[in-house]
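Notes follow once the structure below has been shown.
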Amino acid sequence: MDNKETDFSRMIREHKSTIYTVCYMFSNDKQEVDDLFQEVLIKLWQGYDSFQGKSDLRTWIYRVSLNACISIDRKKKRRKAQPLLEGIDLFDKNDADNRQTDLLHERIGKLQAFDRAIVLLWLEDMSYDEIAQIVGISVKNVSVKLYRIKEQLKQM
């Protein structure tokens, strides 16, 4: 393995949970999350040479991950595919914590893709400055959007 592949593998190992978290926000299905993860890895590999270090590596990974997942989510909504496994519960819903997490995840899933991305970053304890840099909007706009998103979630 050459130096580039070694560096890329190390980067993925260090940021695997970040990438997985982004993918999980766009699907409840483990297989689909794994597919999203794979697509994100492809996008990261394709853009690896062009990363110039002008932003933090974590910021770049979030941006690529979000863009890939949002793009795939939009394509998926256009197709409106029927699930193959109807009536099968893929996650254990008996635990109270899981029910609360599932409820929050369900509500966040009803948001627009861009709003989901902002909530995800906020839940990751990122500052408004970091969120603004990742999604490409102003810090003030992040503040306004988060306020509106929180209100929208309360109404659900």
Side-chain angles (χ1 to χ4, degrees), residues 11-44 46-47 51 54-156:
M11 177 189 78
I12 296 304
R13 276 192 308 278
E14 291 172 3
H15 296 278
K16 181 179 181 180
S17 65
T18 297
I19 299 166
Y20 182 77
T21 300
V22 172
C23 295
Y24 180 72
M25 291 303 294
F26 286 86
S27 179
N28 289 326
D29 180 86
K30 177 157 178 23
Q31 180 65 38
E32 190 174 15
V33 169
D34 290 343
D35 291 344
L36 287 170
F37 188 87
Q38 184 175 2
E39 287 297 319
V40 169
L41 290 182
I42 291 168
K43 296 294 184 190
L44 287 169
Q46 290 171 340
F51 177 67
K54 291 181 180 177
S55 65
D56 183 56
L57 179 63
R58 183 172 174 234
T59 301
W60 178 73
I61 290 170
Y62 263 114
R63 189 172 192 97
V64 171
S65 300
L66 285 169
N67 287 340
C69 288
I70 288 170
S71 176
I72 292 167
D73 188 61
R74 285 180 182 152
K75 289 176 188 172
K76 180 176 75 173
K77 286 184 179 174
R78 281 188 222 128
R79 281 188 274 133
K80 296 187 182 186
Q82 291 289 359
L84 295 176
L85 305 172
E86 290 189 29
I88 296 176
D89 188 6
L90 300 174
F91 297 94
D92 179 20
K93 307 253 189 234
N94 294 328
D95 184 26
D97 290 336
N98 284 347
R99 284 193 302 271
Q100 287 286 50
T101 303
D102 289 344
L103 180 61
L104 178 61
H105 191 268
E106 178 184 324
R107 288 180 179 182
I108 291 171
K110 293 178 182 177
L111 297 171
Q112 295 294 321
F114 189 74
D115 291 347
R116 274 186 280 164
I118 291 173
V119 168
L120 165 70
L121 297 172
W122 179 73
L123 289 172
E124 288 287 318
D125 290 328
M126 291 195 151
S127 70
Y128 285 15
D129 289 329
E130 290 174 306
I131 295 171
Q133 187 178 11
I134 290 169
V135 298
I137 60 176
S138 71
V139 175
K140 180 68 174 169
N141 203 350
V142 169
S143 174
V144 170
K145 283 198 158 294
L146 275 172
Y147 175 79
R148 289 179 181 165
I149 291 167
K150 289 175 191 175
E151 290 301 311
Q152 190 177 355
L153 289 171
K154 286 179 190 176
Q155 298 299 319
M156 291 182 186

Original post:
Does a side-chain N-to-carboxylate-O contact under 4.0 Å join E151 and K154?
Top reply: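 Yes, charged N to carboxylate O under 4.0 Å.
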Original post:
In terms of heavy-atom contacts, does NZ of K150 have more than 12 from other residues, nucleotides or ligands at under 6.0 Å?
Top reply: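 More than 12 within 6.0 Å, yes.
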Quick check: do [X] and [Y] have side-chain heavy atoms less than 4.5 Å from each other?
X    : Y    : answer
I137 : I118 : yes
R116 : V119 : no
Y24  : L36  : no

Shortest non-hydrogen separation from [X] to [Y] and the atoms involved:
X    : Y    : result
C69  : V22  : SG-CG1, 4.0 Å
D73  : A113 : OD2-CB, 4.0 Å
W122 : Y128 : CD1-CE1, 4.1 Å
K43  : V64  : CB-CG1, 3.7 Å
V33  : S27  : CG2-O, 3.7 Å
F114 : K145 : CE2-CE, 3.6 Å

Subject >> D115 and its side-chain contact (heavy atoms from CB on, under 4.5 Å) partner, picked from L120, I108, I149 >> reply: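 The passing option is I149.
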**OP:** Could you tell me whether the side chains of E130 and Y62 share a donor-acceptor contact shorter than 3.5 Å?
**Re:**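 Note: E130 and Y62 side chains miss the donor-acceptor criterion.
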Quick one: [atom1] on [X] to [atom2] on [Y], what's the gap to the nearest 0.5 Å?
X    : Y    : atom1 : atom2 : value
S71  : F26  : OG    : CZ    : 10.5 Å
I12  : I19  : CD1   : CD1   : 4.0 Å
I61  : L66  : CD1   : CG    : 12.0 Å
R58  : T18  : CZ    : OG1   : 5.5 Å
I131 : S138 : CD1   : OG    : 12.0 Å
D34  : E32  : CG    : CD    : 10.5 Å

Original post:
Is there a donor-acceptor contact under 3.5 Å from the side chain of R63 to the main chain of Q133?
Top reply: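 Yes, R63 side chain to Q133 backbone: donor-acceptor pair under 3.5 Å.
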**OP:** Any chance you could lay out the side chain to side chain contact (heavy atoms under 4.5 Å, CB included) test for V40 and F37, step after step, and finish with the verdict?
**Re:** CA-CA 5 Å; V40 169; F37 188 87; 5.8 Å; no
Original post:
Under the side chain to side chain contact (heavy atoms under 4.5 Å, CB included) criterion, do M11 and W60 qualify, and how do the steps go?
Top reply: CA-CA 12 Å; M11 177 189 78; W60 178 73; 4.1 Å; yes
